[in-house]
Amino acid sequence: MTSLIHDLEHVTVRCVAVGDMDNNVYVITAKESGDQVLIDAADDLPAIRALLAEGAGDASAPARLALIATTHQHWDHVRALEGLVAETGAHTAAGRQDVSGIPVPVDVVLDHGDVGNFQGFDLTAVHLRGHTPGSIAYVLKDDDGPHLIFSGDSLFPGGVGNTQKDPDRFTLLIGDVVERLFDVYPDDAVVHPGHGAPTTLGAERPHLDEWRARGW
């Protein structure tokens, strides 16, 4: 099965599911420059190497892993991070409130609204509090495609991420997801979560009141 999930004007996006929790690892590759950003070095370094190589084949210039971006500090999203950094020397990024839980030094400490500029695309950091204190969704917009939201474990088809039945954490997460994603991006925005299948904001929007009422 091909890893290619988006072939847009300036970039491709590829994905592989790794590990015993089927974590999604994404790589964005700029077609012209070869710049790559990998989102969540979750597990299975050989599979991640293969994913990067497949992305490199989409570019007309030699590929360069410009950044390893982590959505949040949970162990299942960072198991291959140390190995990938050691192997590639790539810089790392994570949300400010999760930095202490990341197993490697974080080069780029992210706050809400920060924009990473790469040769061929930009990524916007959206801080979503609740699943972890510093969870970050990464948003990509290419000229000929919808917004792509790499949501980590903060938004899935059917609901927001796990807040361990803590009402305060749930209130924070549903509030941020609504105000910073649903109120900002259009219905055709594609949500690529940390596990499982994608969805769109439009598919999930009618259920927001239901999520609030059930509390998870």
Donor-acceptor pair, side chain of [X] and main chain of [Y], under 3.5 angstrom:
{"X": "H131", "Y": "N162", "value": "yes"}
{"X": "N23", "Y": "D76", "value": "yes"}
{"X": "Y138", "Y": "T70", "value": "yes"}
{"X": "D22", "Y": "G196", "value": "no"}
{"X": "Y26", "Y": "V37", "value": "no"}
{"X": "N117", "Y": "D122", "value": "no"}
{"X": "R212", "Y": "I174", "value": "no"}
{"X": "D188", "Y": "P146", "value": "no"}

When you group the ILVMFWY residues by side-chain heavy-atom contacts below 4.5 Å and let the links chain together, are [Y] and [X] in the same group?
{"X": "L52", "Y": "V104", "result": "yes"}
{"X": "V13", "Y": "L65", "result": "no"}
{"X": "L172", "Y": "V178", "result": "no"}
{"X": "I102", "Y": "L38", "result": "yes"}
{"X": "F170", "Y": "L208", "result": "yes"}

Just so I know, are the side chains of [X] and [Y] near enough to count as touching, which here means a heavy-atom distance under 4.5 Å?
{"X": "I5", "Y": "H192", "answer": "yes"}
{"X": "R129", "Y": "L173", "answer": "no"}
{"X": "L128", "Y": "L155", "answer": "no"}
{"X": "S135", "Y": "D153", "answer": "no"}
{"X": "L67", "Y": "L123", "answer": "no"}
{"X": "H112", "Y": "V126", "answer": "yes"}
{"X": "W216", "Y": "T163", "answer": "no"}
{"X": "K31", "Y": "V11", "answer": "no"}

**Request:** List the steps, then state whether side-chain contact (heavy atoms from CB on, under 4.5 Å) holds for I28 with F118.
**Result:** CA-CA 11 Å; I28 303 162; F118 304 94; over 6 Å; no

**Prompt:** Which class fits the ring pair H77 and H72: parallel under 30°, tilted 30 to 60°, perpendicular over 60°?
**Reply:** tilted

**Request:** Hey, can you tell me if H207 and W211 have their rings parallel, tilted or perpendicular (30° and 60° cut-offs)?
**Result:** parallel

Give me the atom names and distance for the closest heavy-atom approach of [X] to [Y].
{"X": "P157", "Y": "A197", "result": "CG-O, 3.3 Å"}
{"X": "H127", "Y": "I136", "result": "CA-CD1, 3.9 Å"}
{"X": "F156", "Y": "P193", "result": "CD2-CB, 3.6 Å"}
{"X": "D107", "Y": "A90", "result": "OD2-O, 4.3 Å"}
{"X": "G120", "Y": "A30", "result": "CA-CB, 4.2 Å"}
{"X": "Y185", "Y": "R180", "result": "CE1-O, 3.6 Å"}

**Message:** Could you walk me through whether T71 and I39 satisfy the side-chain contact (heavy atoms from CB on, under 4.5 Å) test, starting with their C-alpha distance in whole Å, then the side-chain angles of each, then the deciding distance to 0.1 Å, before giving a yes or no?
**Reply:** CA-CA 7 Å; T71 59; I39 298 174; 3.8 Å; yes

**Prompt:** With a cut-off of 6.0 Å (strictly less than), are more than 12 heavy atoms of other residues, nucleotides or ligands near NE2 of H10?
**Reply:** yes

**Prompt:** Going through the checks in order, is the side-chain contact (heavy atoms from CB on, under 4.5 Å) test met by V191 and L201?
**Reply:** CA-CA 7 Å; V191 178; L201 292 185; 3.7 Å; yes

Interatomic spacing from [atom1] in [X] to [atom2] in [Y] - rounded to 0.5 Å:
{"X": "D98", "Y": "Q73", "atom1": "CG", "atom2": "CD", "value": "4.0 Å"}
{"X": "I48", "Y": "E87", "atom1": "CD1", "atom2": "CD", "value": "9.5 Å"}
{"X": "D114", "Y": "T124", "atom1": "CG", "atom2": "OG1", "value": "9.5 Å"}
{"X": "R169", "Y": "T171", "atom1": "CZ", "atom2": "OG1", "value": "11.5 Å"}
{"X": "R49", "Y": "D44", "atom1": "CZ", "atom2": "CG", "value": "9.0 Å"}
{"X": "D35", "Y": "Q119", "atom1": "CG", "atom2": "CD", "value": "5.0 Å"}

**Prompt:** Could you walk me through whether L51 and V18 pass the side-chain contact (heavy atoms from CB on, under 4.5 Å) check?
**Reply:** CA-CA 11 Å; L51 185 70; V18 299; over 6 Å; no

**Request:** Using side chain to side chain donor-acceptor pair (under 3.5 Å) as the criterion, point out the one residue from R64, Q36, E54 that pairs with T29.
**Result:** Q36

**Request:** Examine the side chains of D142 and H6 and answer whether a donor and an acceptor come within less than 3.5 Å of each other.
**Result:** no

